[in-house]
Each structure stands twice: as C-alpha cells, then as structure tokens.
Number of protein chains: 2
Amino acid sequence: MEKEKIDKKDHILDVAERVFSELGFDGASTRTISGEAGVNMAMLNYYFGSKEGLFLAIFKRKMIWFQEQLGILGNDETISSWEKIEKYLELYTKRVVSNNCFQKLLHQELSMQRRGELSDHITDIMLKNVSEVKKLLQEGINNGEFRKDIDSEMVIATIYGTKNFLVNSPQLTSKVLGYDIHVDSVLEEHLKPRVETYLKTLLKSYLLNEHDKPSK
Amino acid sequence: MEKEKIDKKDHILDVAERVFSELGFDGASTRTISGEAGVNMAMLNYYFGSKEGLFLAIFKRKMIWFQEQLGILGNDETISSWEKIEKYLELYTKRVVSNNCFQKLLHQELSMQRRGELSDHITDIMLKNVSEVKKLLQEGINNGEFRKDIDSEMVIATIYGTKNFLVNSPQLTSKVLGYDIHVDSVLEEHLKPRVETYLKTLLKSYLLNEHDKPSK
DNA sequence: TTGGAGTAATCAATCGATTGATTAAATTTG
DNA sequence: CAAATTTAATCAATCGATTGATTACTCCAA
C-alpha cells in the first residue's frame, strides 16, 4: 500500500530524528533506532539504503518545510522592515517548540567537519535562511529605518545563537531559568514568549535609529 | 621521570581534546586518538582508566583554568558595572581563539543528555560562569546604570550563544562572513575584534539607561 | 662506580561485544 | 502467481578494553 508505506517511512524518520538528536549520529545505532521504531533492523537499509541515507532523509524531508516557511515573509510590501523582522522572530521562535529535535540535530551536525556531502547540504540550508534575514536587514538600512552601522551577520548569529544556546542545552537552561524546559507546556508558555519578547526588545534597541525609538 | 610523565599525559589530553571536538565522543575511537597522539592504545587506559575517564580528564584539567579566570573580575570596586561587562566580554572573546576546541567540546556534550555524571560536571562549570555574569548585571541594575527591565538570563544566552554559533559551525560562519575562520590568524585579527565590538555595541544599547547613552 | 632488584612505562596481540550491512527465506499484498 | 515487504540469521569490520611480555628507569647495596 503506497499510503501506508509513506506513513511507515515517516514514522521511522520521526523516531530516527529524535534518537539521533539525543545520541548523535555515532551514538545512535541502527539497532536502537529500529528497536524504538518497532521495525526490523534491515528495514532501515531497505528504505534508506544505509544509516547515512536515513540521516540524510531526515534533512531532505525538512527542507521542503524550510523552503515554504522562507517564502511566507516573501516580498510583502505593506509592512515596515522592522515589522518584517518582528514577524520573522515570531516565526522563528515558534520553532523553538515545534522543531526542537531537528534544530538540535542540525547544529550538532554543523559543528562536525566530517561527512562532507551531508555537511554541505546542511550548510546550504542554513545559508538560505541567513541570506533571507540579511536581505531584510539590508532593506531596513536602505530605507533609513535601521542604523547604517549595524553588523548584519552578527545580528543573525545572535538570533540563532541565543535560541540554540537555550534549547540545545536544556539541562543548563532549566537550572538557569528555574523551570524545567523539558516539559512541553513550560516551553510553550514560558520560554517561547520570553525569548520572543527579549529578542524583539534587544534588536529594536540595536537596529532602530534613535529618532524612531519610543522614549521608553 | 615525573616531569615527562605529566608532559606526555598533557600531550595526550591535548590531542584527545582536539579529536573529540572534531569527531564527537562516539565518533572518536581510542585507536584514532592514540594514533594521532603517537602512543600505544593501551596507554590511554593505563593513564586514564577508560575512554570516558580520558574524556573526563580533559574537563578536569580545564576546570582549574576556569576557576582562576572567574576570579579575575572579582570584586573590583574601582570601575563601573558597564566597564565590568566590557572587561568580561574582552575576557570571553579572547577564548574564541585560545580555547576553540574545548568550547566546542563543551557545548557538544551539553547538548546530549546521557553520560549523566559528566553532564552534571559540565553544567556546574557553566553555572558558575553564568552566576558570575548575572551578579554583574544585577549590580548594574541596582546602582541605576542598567535599565530595570532587562532580562539577565537572556543576555547571558546571547553572549554565549552568539559566540558559540560563530565558532561551533566554522564552515557555515566562513561562508557567511566571507573569510575562512579555520585560519588562526583570521580568527584573531578579524572575527575576534568584530565579535567583541559587536557584543559591546549590542549590549550597550540594550542594557544602558537612555540618559546614559551617547546620542550616537 | 657498578650491578641487580624493583617499579613504572610501553608494546603487540587478542578478547568479547557491538557496529552497519547483507543474505535468503518467509510473509504479505495486489 | 508475482512482486513487494518483512523477518531471522549472519557477515566482516571495528569498537573499547585487557593481557602478558618486554623495555626503561630508579634506587640502594657492595
């Protein structure tokens, strides 16, 4: 059955995504993954060719989602540059909750140099995101909304880095913040809005020209 | 000879630190490490008991260095809160260059939940750093230098997160910035001062009360 | 100074366990 | 039936760890 085959493959990808994010590529054995997914070990190779093929399939699947999210902001001419940044931040912090595993997996793999083909793939995915934000920032500079001397690339590093730091080391973050962010409801109701508010305030004070700022 | 034994152990730790940071804990085999260190494989177990013991020894060695760095800022009463933050940023970005491998290793391990004892160790190390910065920020709030509504914990996440994002994925960062940060001299002369300047400007605009800011 | 006993360091060889992958047979599906 | 799927069994390779033998060194008595 075509439909169920896709569902089963999707189920395996879901499980693999989680296990990989928890144990890393080398730490997660094919036996563990197939065991937790409730399928025979040989199925992984039957469906995805190899362990690395399975790993790659996880990213392939998410790429489509990335692309469409990237287009949402698109070329909306009706709102200001700062409002676009705000919208992007809202879109991005939403993923704090929904794509927890994958984001961790992504930056885990980005920090390793080997597995060249895969690393290039992931780098390309990230580059698309980066250039999108860069475009928004440059637009704001050109129309005078933003200060001319902002460091766009560093701003991007701050957006991604701040979030990654918080969600990629949940144990540390939980201790620092005083609530357990492993619990989904806590993530959704406390961390997510807090990060969103903070990043907006932080970037507003850095990006906007003085005369545009509310006196606070 | 006592002296040479320490040197050799130190050499192994140096190599292991690098290899672990490049390949991860599971990806780095004891054979690879001993091979690159130019010692017999059995020496690793002879010196450190096990692979995990070797891994732990890397962190044990760095803990001393951390402790003394933490005390440097100490209770200096002669400078303002903002100047203390500036000094901390300078101290911190210095490590962008000098402790590249270790920092990557640290946050690699922080993002995995298993290896409980070690994770707790690392979390504690980080917590000490965090609480130190938190104290500086709180001090600035209390004496009126900083705005009262700043989110201290998020600021910390920004400082660490921004740097980690840049140095933990050198491949991506190099493409975004347009110069290869794998080269040490580039790291030192371009990325480090850039990060330092950026973080100072970013945090100054967020932390300081309006009336204290230069009109820019 | 020399010789040998005792300790520390190093080595090649190998252990059982686990890894990713493959096979051929069995089962299900259309 | 024929094709697609699923299974258990097994493959060679590699993993971390350990062994016993060997070398290098220290120290003290003669």
Side-chain angles (χ1 to χ4, degrees), chain A residues 1-60 105 108-109 112 114-119, chain B residues 1-60 105 108-109 112 114-119:
Chain A
M1 193 88 58
E2 176 68 11
K3 184 63 177 305
E4 291 192 8
K5 187 179 77 181
I6 296 179
D7 285 349
K8 175 164 268 184
K9 285 177 81 168
D10 245 39
H11 171 64
I12 293 177
L13 287 174
D14 287 337
V15 174
E17 186 177 315
R18 179 179 54 79
V19 176
F20 273 134
S21 78
E22 288 171 354
L23 305 174
F25 181 83
D26 298 291
S29 72
T30 55
R31 283 173 177 79
T32 301
I33 296 173
S34 62
E36 295 218 15
V39 300
N40 189 280
M41 211 188 62
M43 297 306 297
L44 302 188
N45 294 300
Y46 178 72
Y47 279 137
F48 307 103
S50 68
K51 183 186 185 182
E52 193 161 316
L54 167 62
F55 197 73
L56 209 71
I58 296 174
F59 286 88
K60 290 262 175 67
L105 189 55
Q108 234 173 62
E109 209 49 31
M112 311 250 197
R114 95 209 127 108
R115 289 195 278 284
E117 186 199 354
L118 179 53
S119 288
Chain B
M1 193 83 63
E2 178 68 14
K3 185 67 178 300
E4 291 191 9
K5 187 180 75 179
I6 294 179
D7 285 349
K8 174 162 270 187
K9 285 178 81 167
D10 246 38
H11 170 65
I12 295 177
L13 286 174
D14 287 337
V15 174
E17 187 177 316
R18 179 179 54 78
V19 177
F20 273 135
S21 78
E22 287 171 355
L23 305 175
F25 181 83
D26 298 292
S29 73
T30 55
R31 283 173 176 81
T32 301
I33 295 174
S34 61
E36 294 216 16
V39 300
N40 190 281
M41 215 187 58
M43 298 305 299
L44 302 189
N45 295 297
Y46 179 73
Y47 278 136
F48 307 103
S50 67
K51 184 186 185 182
E52 194 161 316
L54 167 62
F55 197 74
L56 210 70
I58 296 174
F59 285 89
K60 290 262 175 68
L105 190 53
Q108 238 173 58
E109 209 48 33
M112 312 248 198
R114 96 207 127 110
R115 288 194 278 284
E117 187 199 354
L118 179 53
S119 288

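Computed from a predicted model, the values in this text were never measured in an experiment. Chain letters run A, B, ... following the sequence lines, proteins first, then strands; residues in each count from 1.
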Between [atom2] on [N] and [atom1] on [X], what's the gap in Å once rounded to a whole number?
X	N	atom1	atom2	value
Asp26(A)	dG16(D)	CG	P	10 Å
Lys51(A)	dA13(D)	NZ	C1'	14 Å
Arg31(A)	dT7(D)	CZ	P	15 Å
Phe25(B)	dC15(D)	CZ	P	13 Å
Ile12(B)	dT10(C)	CD1	P	8 Å
Lys8(B)	dC11(C)	NZ	P	6 Å
Met43(A)	dT22(C)	CE	C1'	14 Å
Met41(B)	dT14(D)	CE	P	14 Å

Worksheet, complete the sentence: Here the gap from Ile58(B) atom CD1 to Arg18(B) atom CZ, rounded to the nearest 0.5 Å, amounts to 11.5 Å

Worksheet item: Under 3.5 Å, is there a donor-acceptor pair between the side chain of Gln108(A) and the main chain of Ser21(A)?
Response: yes

Considering only side-chain heavy atoms of [X], which listed nucleotide, [options], is closest?
X	options	result
Ser50(B)	dA17(D), dA21(C), dT10(C)	dA17(D)
Thr30(B)	dT7(D), dT18(D), dG16(D)	dG16(D)
Ser29(A)	dT10(C), dT18(D), dT19(C)	dT19(C)
Asn40(A)	dT19(D), dT7(D), dA17(D)	dT7(D)

Discussion item. Does the Lys NZ or Arg CZ of Lys51(B) fall within the cation-pi geometry relative to Phe20(B) - under 6.0 Å from the ring centre and within 45° of the axis?
Written reply: no

Worksheet item: Do you know which of Ile33(A), Thr32(A), Asp26(A) makes side chain to side chain contact (heavy atoms under 4.5 Å, CB included) with Ser29(A)?
Response: Thr32(A)

Worksheet item: Can you list the steps and then say if Lys60(A) with Leu56(A) is a side chain to side chain contact (heavy atoms under 4.5 Å, CB included)?
Response: CA-CA 6 Å; Lys60(A) 290 262 175 67; Leu56(A) 209 71; 3.5 Å; yes

Item to complete: Examine dT6(D): is either OP1 or OP2 under 4.0 Å from a nitrogen or oxygen in the side chain of Tyr47(A)? Give yes or no.
Response: yes

Fill in: 5'-most by nearest nucleotide on DNA chain C - Thr32(A) or Asn45(A)
Thr32(A)

